[in-house]
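Chain A is the first sequence line, chain B the second, and so forth, proteins listed ahead of strands; every chain is numbered from 1.
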There are 2 protein chains.
Amino acid sequence: MSIIFSRQCEYALQAVTYIALKPSGEMTSIKELAKILDIPYHFLGKILQNLVYKGLLISQKGPSGGFALGMAAKDITLFHIVEAIDGVDFTNKCVLGFPECSGKNPCAAHTHWGNLRDGIYQMLVSKNIAEMAKDMKKPEYQLAAG
Amino acid sequence: MSIIFSRQCEYALQAVTYIALKPSGEMTSIKELAKILDIPYHFLGKILQNLVYKGLLISQKGPSGGFALGMAAKDITLFHIVEAIDGVDFTNKCVLGFPECSGKNPCAAHTHWGNLRDGIYQMLVSKNIAEMAKDMKKPEYQLAAG
DNA sequence: CTAGATTAAGATAAAAGACTCCGAATTAAA
DNA sequence: TTTAATTCGGAGTCTTTTATCTTAATCTAG
């Protein structure tokens, strides 16, 4: 299949980014998120629950309840979310699965991959949700429910 | 989960690399591969079947039968194998799963990721099985069955 | 205070991926 | 020519991920 992040993780990134677009204090419901981002309702519920547990979001029950960011958008990096959902094992395993591959016995792709891996890590820690949200707001960036 | 290539794909890479170590003309059986590389026997059978179908390997039934490379080791790139097993969709999807993200409507990570993605692609097309095999042959690189 | 909206939580189902089993087909070696 | 080794092909199982369903707990609005 060749993926980097799980579907859960992709949903989480999208949802948190969308929530970051709302004026501070306003709550966003699962219903709205699921509809606009086209994510399965109950599945998204579980994911957001997890993010609340990890402190990245806060939640409120009842009418006009929903979810909001647990800290400033600029302080939530992509890494925070990926780590919360997927974990970050990919940072120290041989990409090609060679069991004996390590720093001391590198496979032919080891060093090359090391650089790429560092690059991915840098991207995750350097990009924050505020930046992501800014791009999502652009007019061309039409969402499912318009 | 954060993976890049499926387990099937990892097994394929390891098996093809091991086969490349054999003198040309000699066949390698599933039995030997499964034992030395510590890969489930029947599962490996299916994977190799697929690689034969795709032309990367050739096979021969019966005693002293097995598998051999379908072309010169230096002409089989990692890309060939990844493409045959996993497909290479990752080369044109948004890493973060944003459905609207594209070259024209890039998300904040798009350009940055584009470079990393190109790097991964370059690694896959530039590394070939002959190079991988050379490293596998090193003495430190002990295999499961010695 | 009540009703309805919403999250929380657990159990369940469906889909995909990883892996196994069995028997048929083929072929080299004895 | 027989036998045994091997790949081939299909069906089936197990596990993980993704997704759904149901009920309980909570809270706001009226």
Side-chain angles (χ1 to χ4, degrees), chain A residues 1-16 19 22 25-35 37-70 82 84-87 89 97, chain B residues 1-16 19 22 25-35 37-70 82 84-87 89 97:
Chain A
M1 182 62 42
S2 285
I3 60 169
I4 304 245
F5 307 117
S6 70
R7 192 168 309 181
Q8 261 194 76
C9 192
E10 293 182 357
Y11 290 162
L13 288 161
Q14 294 171 41
V16 173
I19 291 170
K22 293 295 182 71
E26 187 170 324
M27 293 301 210
T28 311
S29 70
I30 300 177
K31 201 165 99 186
E32 177 179 351
L33 288 162
K35 184 176 178 188
L37 299 174
D38 194 26
I39 298 175
Y41 183 95
H42 295 92
F43 193 33
L44 181 57
K46 300 287 184 204
I47 296 168
L48 298 184
Q49 234 175 82
N50 186 8
L51 293 175
V52 169
Y53 175 76
K54 300 276 171 57
L56 295 171
L57 295 179
I58 56 176
S59 69
Q60 190 172 21
K61 295 179 184 176
S64 78
F67 298 83
L69 299 185
V82 170
I85 303 284
D86 279 349
D89 282 355
Chain B
M1 183 59 44
S2 286
I3 61 165
I4 303 245
F5 306 118
S6 70
R7 191 162 317 176
Q8 262 194 76
C9 193
E10 293 182 356
Y11 289 162
L13 288 161
Q14 294 171 41
V16 173
I19 291 169
K22 291 295 181 71
E26 188 169 325
M27 293 299 210
T28 310
S29 69
I30 300 177
K31 201 165 97 185
E32 177 179 350
L33 289 162
K35 184 176 177 189
L37 299 173
D38 194 27
I39 298 174
Y41 182 94
H42 294 93
F43 193 32
L44 181 57
K46 299 289 184 202
I47 296 168
L48 298 184
Q49 235 176 80
N50 187 8
L51 293 176
V52 168
Y53 176 76
K54 299 277 171 57
L56 295 171
L57 295 179
I58 56 175
S59 69
Q60 189 173 20
K61 296 179 185 174
S64 80
F67 298 84
L69 299 185
V82 171
I85 304 283
D86 278 350
D89 284 356

Check nucleotides 18-22 of chain D against the protein and report each pair of N or O atoms closer than 3.5 Å, with its distance, or say if there are none.
residue	atom	partner	partner atom	Å
dT18(D)	OP1	Arg7(A)	N	3.1
dA19(D)	OP1	Arg7(A)	NH1	2.9
dA19(D)	OP2	Tyr11(A)	OH	3.4

Listed by chain and number, what are the side chain to side chain donor-acceptor pair (under 3.5 Å) partners of Glu26(A), not counting sequence neighbours?
none

Give me the residues of residues 56-64 of chain B where at least one heavy atom lies under 4.0 Å from an atom of DNA chain C, by number, or none.
Gln60(B), Lys61(B), Gly62(B), Pro63(B), Ser64(B)

List in chain and number order the residues that pass side-chain contact (heavy atoms from CB on, under 4.5 Å) with Thr28(B), two or more places apart in sequence or in another chain; answer none if no residue qualifies.
Tyr18(B), Ile19(B), Lys22(B), Glu32(B), Leu33(B)

Does anything in residues 40-53 of chain B pair up under side chain to side chain donor-acceptor pair (under 3.5 Å), and if so which pairs, sequence neighbours excluded?
Asn50(B)-Lys54(B)

Protein-nucleotide distance (Ile30(B), atom CD1; dG9(D), atom C1'), rounded to Å:
12 Å

Select base, sugar-phosphate, or nothing to describe what Gly45(A) touches, counting heavy atoms under 4.0 Å on all strands.
nothing

So which atom in Ile85(B) and which in Gln8(B) form the shortest heavy-atom distance, rounded to 0.1 Å?
CG2-CB, 3.8 Å

How many whole angstroms separate atom CZ of Phe5(B) from atom P of dA18(C)?
14 Å

dT6(C) P sits how many Å from Leu33(A) CG, rounded?
12 Å

Separation of dG10(C) P from Asn50(A) CG (nearest whole Å):
14 Å

Between P of dA24(C) and CD of Gln49(B), the distance in whole Å
17 Å

Please state how far atom CG in Asp86(A) lies from atom C1' in dT16(D), giving the value in whole angstrom units.
13 Å

Distance in angstrom units between Ile39(B) CD1 and dT20(C) P, rounded:
12 Å

side-chain contact (heavy atoms from CB on, under 4.5 Å) partner of Phe67(B), the single match among Ile58(B), Val16(B), Val52(B), Leu51(B):
Val52(B)

Distance check needed: dC27(D) P versus Phe67(A) CZ, whole Å only.
14 Å

Quick one: bend of the helix from dC1(C)-dG30(D) to dA30(C)-dT1(D) from 5 pairs per end, to 10°?
0°

